[in-house]
There are 2 protein chains.
Amino acid sequence: MNKAKLKKTLNRAEEHCREHGTRFTEKRKHILQLLLQSEVPLSAYELATHYQSAFGETIPAMSVYRILDFLMAETLVHKLNSANKYTACEHIACDHQHEVPQFLICERCQNVKEVGIEPSIIAALADEIERAGYHLTQPQIELHCLCERCFSAS
Amino acid sequence: MNKAKLKKTLNRAEEHCREHGTRFTEKRKHILQLLLQSEVPLSAYELATHYQSAFGETIPAMSVYRILDFLMAETLVHKLNSANKYTACEHIACDHQHEVPQFLICERCQNVKEVGIEPSIIAALADEIERAGYHLTQPQIELHCLCERCFSAS
DNA sequence: CAGTTCACGATATAGCGTATCGTTCATGGC
DNA sequence: GCCATGAACGATACGCTATATCGTGAACTG
């Protein structure tokens with residue numbers, strides 16, 4: 001992510017928090033920035049390490065987890081359950097409504113793409129689930145894929 | 001799972017291994033049995049504990065992991081990535097071909113149902129993914145839901 | 001400016017998983 | 001039957017992920 005877009009996204013995140021009456025502190029901003037700048041999802045401990053390199057001060061893992069919890073509650077960050085890693089929401093600076101996030105995770109390079117699946121497909125899926133007697137609560141799907149580059153290389 | 005079905009399923013699993021030239025040892029049988037008898041998915045360490053209670057002998061966590069790896073390779077067991085737990089395949093004793101497993105996980109009681117999603121939906125999903133420049137490799141989906149009972153109770 | 005709430009630090013601990021090396025046991029060729 | 005081979009398993013150590021708890025300090029509010 002280039003500098004201009006990074007700045008714009010961070011500003012948008014700050015605005016988002018102000019609207020929600022929550023605090024977008026320096027540390028929270030730093031963690032979000034690290035995730036925005038990373039090509040791949042990061043674990044909490046990786047974030048702590050990167051924090052040290054990028055900002056010259058250490059941060060306890062506990063704080064990273066707390067900050068991640070906060071950022072997830074604000075839907076600025078998503079957790080990838082299958083990898084125990086975290087990724088910045090790709091739609092912070094977008095205007096359109098935040099959809100249910102779906103993730104394509106490249107198995108080789110770990111690159112993650114957050115996509116909006118056709119709502120009709122999700123609806124069909126939800127239908128099948130209802131028929132099985134269940135009720136969908138958090139339709140976040142994590143799909144393990146190969147990205148174009150890794151697919152071509154194999 | 002009742003005794004008759006349990007026995008039949010274990011026999012089917014043994015047959016499956018014989019056909020594949022692999023060994024269905026006592027310990028592997030025990031682990032599979034524990035998973036078949038459990039209402040909820042279990043972690044490796046939970047399995048080790050249950051093993052002790054059920055069979056009166058301790059088993060190291062390492063062995064549990066190795067046995068789980070084996071059972072997964074034989075598609076007798078599936079791992080739920082989002083929960084780091086394991087569940088017996090519900091189709092061991094079925095005649096029909098083993099499909100790509102999709103899991104409905106009840107967020108409240110942890111009960112898991114393994115369902116076959118309409119292939120056309122999966123195909124549509126794969127289509128969307130292709131359009132995003134990715135290639136689906138392991139279309140295992142884990143959906144967080146509420147089961148009928150927990151849904152009614154809420 | 002006093003009180004409350006929120007953010008953060010420090011420490012401890014639990015749970016999940018892998019690495020490595022050694023030992024035992026089953027199996028097949030002789 | 002006997003031994004060589006490889007598979008299964010045990011023991012120990014370690015690293016990563018996450019939560020619990022308690023304390024401190026900063027920020028907002030009346």
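Just so you know, these numbers come straight off a predicted model, no measurement behind them. Chain letters run A, B, ... following the sequence lines, proteins first, then strands; residues in each count from 1.
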Legend entry - Overall bend - the helix from dC1(C)-dG30(D) to dC30(C)-dG1(D), comparing terminal axes fitted on five pairs, nearest 10 degrees: 30°
Inset, instruction - Anything under 4.0 Å to a heavy atom of chain B counts; send over the first and last such nucleotide of DNA chain D, read 5' to 3'. - result: dA7(D) to dT12(D)
Legend entry - Minimal non-hydrogen separation, Val40(A) against Asn111(A), with atom names: CG1-N, 4.2 Å
Legend entry - Partner set under salt bridge (charged side-chain N to carboxylate O under 4.0 Å, His left out) for Glu118(A), not counting sequence neighbours: none
Inset, instruction - Take the protein atom OH of Tyr65(B) and the nucleotide atom P of dT20(C), then report the distance between them rounded to whole Å. - result: 17 Å
Legend entry - For Phe55(B), ring pair (Phe, Tyr, Trp, His ring centres under 6.0 Å) partners two or more places apart: His30(B), Tyr51(B)
Inset, instruction - Return the set of residues passing side-chain contact (heavy atoms from CB on, under 4.5 Å) with Lys5(B) (not counting sequence neighbours), or none when no residue passes. - result: Met1(B), Asn2(B), Thr9(B)
Legend entry - Pairs flagged by side chain to side chain donor-acceptor pair (under 3.5 Å) wherever residues 121-134 of chain A is involved - sequence neighbours left out: Glu130(A)-His135(A)
Legend entry - Per-nucleotide protein contact string for nucleotides 6-11 of chain C (B base, S sugar-phosphate only, - none; heavy atom under 4.0 Å): SSBBBB
Inset, instruction - Report the residues that fulfil salt bridge (charged side-chain N to carboxylate O under 4.0 Å, His left out) with Lys113(A), sequence neighbours left out, ordered by chain and then residue number. - result: none
Inset, instruction - Please identify each residue that fulfils salt bridge (charged side-chain N to carboxylate O under 4.0 Å, His left out) with Lys85(B), with sequence neighbours left out. - result: Glu46(B)
Inset, instruction - Using atom CG of Asn84(B) as one end and atom C1' of dA14(C) as the other, report the distance to the nearest whole Å. - result: 14 Å
Legend entry - Partners meeting salt bridge (charged side-chain N to carboxylate O under 4.0 Å, His left out) with Glu57(B) (sequence neighbours left out): Lys27(B)
Legend entry - Residues from residues 30-55 of chain B lying under 4.0 Å of DNA chain D - heavy atoms: none
Legend entry - Results of side-chain contact (heavy atoms from CB on, under 4.5 Å) for Glu142(A) - residues two or more places apart only: Leu80(A), Asn81(A), Ser82(A), Phe103(A), Ile105(A), Gln140(A)
Inset, instruction - Specify the closest pair of heavy atoms between Pro41(B) and Gln110(B), including all atoms of both residues, with the distance to one decimal. - result: CD-O, 3.0 Å
Inset, instruction - Give one of base, sugar-phosphate or nothing for Tyr86(A), where a contact means two heavy atoms less than 4.0 Å apart. - result: sugar-phosphate
Legend entry - Within 45° cone and under 6.0 Å: Arg18(A) NZ/CZ vs Phe24(A) ring: no
Inset, instruction - Over all heavy atoms of both residues, which pair between Ala132(A) and Leu104(B) is shortest? Give the atoms and the distance, please. - result: CB-CD1, 3.9 Å
Legend entry - Pair Glu114(A)-Thr87(A), side-chain donor/acceptor within less than 3.5 Å: no
